[in-house]
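Comments concern the structure below.
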Amino acid sequence: MPVQPPSASELVRLAAQFGFDLEGAELDELTTLAGGMIASYQRLDEMDAPPRPVKYPRLDTGHRPIGAENPGNGWAWKCSIPGAPEGPLAGVRVAVKDNICLAGIPMLNGTEMLEGFVPREDATVVMRLLDAGAEIVGKTAVPAFCFDGGSVTGYPKPEPENPYDAARLPGASSSGSAVVVALGEADMALGGDQGGSVRMPASWSGIVGHKPTWGLVPYTGAFPIELTLDHLGPMCRSVRDCARMLEVIAGPDGLDPRQGGAVTQPYLELLERGAEGLRVGILTEGFGWPDASEPDVDEAVRAAAQTFASLGATVGEVSVPIHRDGLAIWTAIAAEGATELMIKGNGMGTNWRGHYTTDLSDFVGKARAGRSRDLSPTVKLTILVGEYMAQRYDRHYYAKGQNLSRLASARYNAALSEFDVLVMPTTAMKALPRPGADASVTEIVASALANLHNTAVFDATGHPAMSVPCGLSDGLPVGMMLVGRHFDDATVLRAGHAYEQARGELEAPASRKVLATV
């Protein structure tokens with residue numbers, strides 16, 4: 001059906017939304033003029049803007065696994081898409097977070113609102129993995145719209161379980177990716193990180209998760225939350241594997257506006273330099289969060305940081321007071337930004353150059369119009385607060401949050417002029433208990449947003465940050481976060497690898513041991 005011109009009554013309604021009236025001759029003339037402008041849109045309907053070509057055939061488009069076929073409930077979909085016969089990731093089984101487009105494979109993004117959506121094209125990161133010889137073996141489960149730091153709002157049920165204790169949460173929106181890697185269901189996984197969602201599930205599920213520098217890895221073809229917060233990154237059982245994956249997926253694609261000035265490094269080559277000569281700064285404000293930090297977590301991370309001294313590094317304490325305000329800065333950006341782009345912008349928005357995934361935007365728009373009641377409590381809360389602040393305070397606090405994020409970035413950069421990496425707990429606490437089936441909205445939101453203290457600010461500032469397991473306490477993993485300079489991901493990986501080599505093997509989830517013997 002061709003684009004229809006607006007009626008006079010529709011223009012009157014729209015004018016009222018913007019605070020002005022239309023009537024009489026002005027209304028008549030503007031109605032005629034608007035009809036003339038619509039001719040341009042009608043011409044667009046006659047033109048073709050094809051999706052990017054799909055390079056690798058889908059060997060098996062797969063199915064939604066249930067029961068024993070989905071240990072830990074980490075999978076949203078299983079499939080088989082072999083990549084190139086040779087390459088740096090030849091023979092590697094890779095899982096892809098279910099907010100990343102995989103042509104011909106259903107994508108839910110954790111919500112029943114997207115039931116029935118099947119992308120027509122592969123995301124850039126998918127293309128690069130397949131070109132490197134990887135096999136995509138499935139999509140991993142996520143909470144609703146990936147806006148959930150605990151993984152308590154996802155669809156379909158049951159949601160991913162913590163690999164070490166099924167009664168606890170696996171952490172954040174890349175929870176499915178963490179679970180399938182921790183259990184050995186995949187060798188590597190792609191995760192997404194806007195508030196900590198690569199690092200938090202890595203911490204709670206006992207694997208390594210690296211959030212690259214903002215703009216290093218193209219986001220093209222992934223469902224966004226907020227352009228200035230969006231990151232994609234590797235989740236693996238070792239730092240070395242994260243470096244292997246990052247070498248494949250990093251670098252500009254010419255289509256993502258987040259990527260201005262992206263600079264890559266030889267991550268694997270620099271990995272072996274060891275910790276000799278590194279300057280490691282223990283970030284004071286990353287420890288002892290009131291009503292959040294657990295003493296055993298703080299103690300484990302401080303002990304792990306001291307390991308660097310025995311490896312030839314210099315270890316010292318450093319203070320960045322604005323770190324304690326990082327979550328407030330992030331909240332101002334995330335609430336209004338996500339409401340504008342993820343919700344009102346149907347996942348694509350406007351005012352940026354690059355590749356728009358139009359079939360995704362179309363589907364989200366129709367789903368939002370008819371099924372907004374199905375939004376999760378975390379998304380509803382974000383929309384209500386974000387839109388209230390935008391309307392009531394004229395976007396002042398979004399703008400101020402962005403300005404303060406640059407100030408925070410400068411303060412971290414000052415600390416990183418004295419130290420090569422900063423160290424703190426990834427999450428202030430170990431994995432939280434899963435809320436019950438009859439949990440209130442308040443309890444659900446608390447479980448979803450209670451663990452962002454140290455992680456969220458580095459999405460706002462864009463610094464590379466990685467979670468590395470540094471031990472178990474009460475049978476649950478503890479993650480140490482390493483933060484580095486912009487586009488110096490290699491040093492973060494180098495430090496993590498040196499620590500990992502000194503630490504040795506950690507106890508794996510019992511279910512992974514069973515899988516390994518099958």
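In this model, a donor atom of one side chain and an acceptor atom of the other lie less than 3.5 Å apart for His463 and Asn413. Side chain to side chain, Glu226 and Tyr398 meet the donor-acceptor criterion of an N or O pair below 3.5 Å. Of the N and O atoms on the side chains of Thr378 and Ser376, at least one donor lies less than 3.5 Å from an acceptor on the other residue. Checked by atom type, the side-chain pair Thr140/Lys97 shows no donor-acceptor distance below 3.5 Å. Side-chain contact of Asn451 with Thr427: a donor-acceptor pair under 3.5 Å is absent, judged by distance alone. In this structure, a donor-acceptor pair under 3.5 Å is absent between the side chains of Asp148 and Ser173. For Glu387 and Gln391, the side-chain atoms include at least one donor-acceptor pair closer than 3.5 Å.
Between Lys139 and Leu102 there is a side-chain heavy-atom pair separated by less than 4.5 Å. By the 4.5 Å heavy-atom criterion applied to side chains, Ile105 and Val118 are not counted as neighbours. For the pair Pro170 and Glu161, the minimum side-chain heavy-atom distance is 4.5 Å or more. Between Val179 and Asn162, the closest side-chain pair of non-hydrogen atoms is not below 4.5 Å. Contact check for Thr339 versus Thr382: side-chain heavy atoms found under the 4.5 Å cut-off. The shortest side-chain heavy-atom distance between Cys79 and Thr61 does not fall under the 4.5 Å cut-off. At least one side-chain heavy atom of Phe223 sits under 4.5 Å from a side-chain heavy atom of Met342. Lys400 places none of its side-chain heavy atoms less than 4.5 Å from the side chain of Ile329.
In this structure, Met429 CE and Asp291 CG are separated by 10.5 Å, a value rounded to the nearest 0.5 Å. Separating the OG atom in Ser175 from the CH2 atom in Trp204 is a distance of 10.5 Å, to the nearest 0.5 Å. Once rounded to the nearest 0.5 Å, the distance linking CE of Met481 with NZ of Lys211 reads 9.5 Å. Note that CZ of Arg371 is 8.0 Å distant from CD of Glu115, once rounded to the nearest 0.5 Å. One distance of note links OG1 of Thr31 with CG of Leu22; it measures 7.5 Å at 0.5 Å rounding. Note that OG1 of Thr331 is 14.5 Å distant from OH of Tyr397, once rounded to the nearest 0.5 Å.
Of the listed residues (Ile383, Ile225, Val142), just one forms a side-chain contact (heavy atoms from CB on, under 4.5 Å) with Phe147, and that residue is Ile225. Residue Gln194 forms a side-chain hydrogen bond (donor to acceptor under 3.5 Å, both in side chains) with just one option from Asp230, Asp459, Thr228, and that option is Asp230. Each of Arg199, His323, Glu285 was compared with Asn454 under the side-chain hydrogen bond (donor to acceptor under 3.5 Å, both in side chains) criterion, and only His323 meets it. Remark: of the listed residues Val445, Leu375, Ile444, Val445 is the sole one forming a side-chain contact (heavy atoms from CB on, under 4.5 Å) with Leu381.
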I'd like to know whether Asp253 forms a side chain to side chain donor-acceptor pair (under 3.5 Å) with Thr220, so could you lay out the CA-CA distance, the side-chain angles of the two residues, the decisive distance to 0.1 Å, and finally the verdict. CA-CA 8 Å; Asp253 71 349; Thr220 310; 2.8 Å; yes
Walk me through it: do Val12 and Leu27 pass the test side-chain contact (heavy atoms from CB on, under 4.5 Å)? CA-CA 8 Å; Val12 169; Leu27 174 59; 3.8 Å; yes
Begin from the C-alpha positions of Arg120 and Thr357 and carry the test side chain to side chain donor-acceptor pair (under 3.5 Å) through to its verdict. CA-CA 9 Å; Arg120 299 181 297 166; Thr357 310; over 6 Å; no
What's the verdict on side-chain contact (heavy atoms from CB on, under 4.5 Å) for His355 and Thr124, showing C-alpha distance, side-chain angles and the deciding distance? CA-CA 10 Å; His355 180 73; Thr124 296; over 6 Å; no
Run the side-chain contact (heavy atoms from CB on, under 4.5 Å) test on Met235 and Leu190 for me, step by step, so that the C-alpha distance in whole Å, both residues' side-chain angles and the decisive distance to 0.1 Å come before the verdict. CA-CA 6 Å; Met235 302 177 71; Leu190 274 173; over 6 Å; no
When you look at Thr111 and Phe145, which way does the side-chain contact (heavy atoms from CB on, under 4.5 Å) test go after all the steps? CA-CA 7 Å; Thr111 172; Phe145 284 94; 3.7 Å; yes
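Heavy-atom minimum distance, Leu246 versus Pro212: CD1-CG, 3.9 Å. Nearest heavy atoms, His210 versus Pro464: CE1-CB, 4.2 Å. The minimum heavy-atom distance between Asp45 and Pro2, with the atom names listed, is OD2-CA, 4.0 Å. Closest approach of Ala186 to Trp75, counting heavy atoms only: CB-CH2, 4.3 Å. For Ser174 against Gly191, the heavy-atom pair with the smallest separation is OG-CA, 3.5 Å. Nearest approach of Leu232 to Pro218, heavy atoms of both residues: CD1-O, 3.7 Å.
A donor-acceptor contact shorter than 3.5 Å links the side chain of Asn73 to the backbone of Glu159. At least one donor-acceptor pair under 3.5 Å links the side chain of Lys157 to the backbone N or O of Gly154. At least one donor-acceptor pair closer than 3.5 Å links the side chain of Arg128 to the backbone N or O of Ile249. Side chain of Asp489 to backbone of Thr213: a donor-acceptor contact under 3.5 angstrom is found. Looking at Arg434, its side chain never comes within 3.5 Å of a backbone N or O of Ser447 through a donor-acceptor pair. For Ser405 (side chain) and Gln402 (main-chain N/O), a donor-acceptor pair under 3.5 Å exists by modelled atom type. Side chain of Arg258 to main chain of Tyr219: no donor-acceptor pair is present (N/O by atom type, distance under 3.5 Å, no hydrogens or angles). Formation of a donor-acceptor pair under 3.5 Å by the Thr426 side chain with backbone atoms of Ser467 is not found in this model. In this structure, the side chain of Asp325 does not engage the main chain of Ala328 through any donor-acceptor pair within 3.5 Å. Of the possible polar contacts, one joining the Asp98 side chain to the Leu108 backbone as a donor-acceptor pair under 3.5 Å is found.
A salt bridge is absent between Arg353 and Asp256; no separation between the charged side-chain nitrogens and carboxylate oxygens falls under 4.0 Å. A salt bridge links Asp131 to Lys55: at least one charged side-chain nitrogen sits closer than 4.0 Å to a carboxylate oxygen.
Other residues, nucleotides and ligands place more than 12 heavy atoms under 6.0 Å from the CD atom of Glu69. Within a 6.0 Å radius of CZ in Arg411, other residues, nucleotides and ligands contribute 12 heavy atoms or fewer. No more than 12 heavy atoms of other residues, nucleotides or ligands sit less than 6.0 Å from atom CD1 of Ile66.
Taking the six-membered ring where the residue is Trp, Tyr388 and Tyr393 present perpendicular rings, their angle passing 60° and hence far from 30°. Classification of the Phe458-Tyr412 ring pair by plane angle, with boundaries at 30° and 60°, yields tilted.
In this structure, Arg324 forms a cation-pi arrangement with Trp289, its terminal cationic atom sitting closer than 6.0 Å to the ring centre and no more than 45° off the ring axis.
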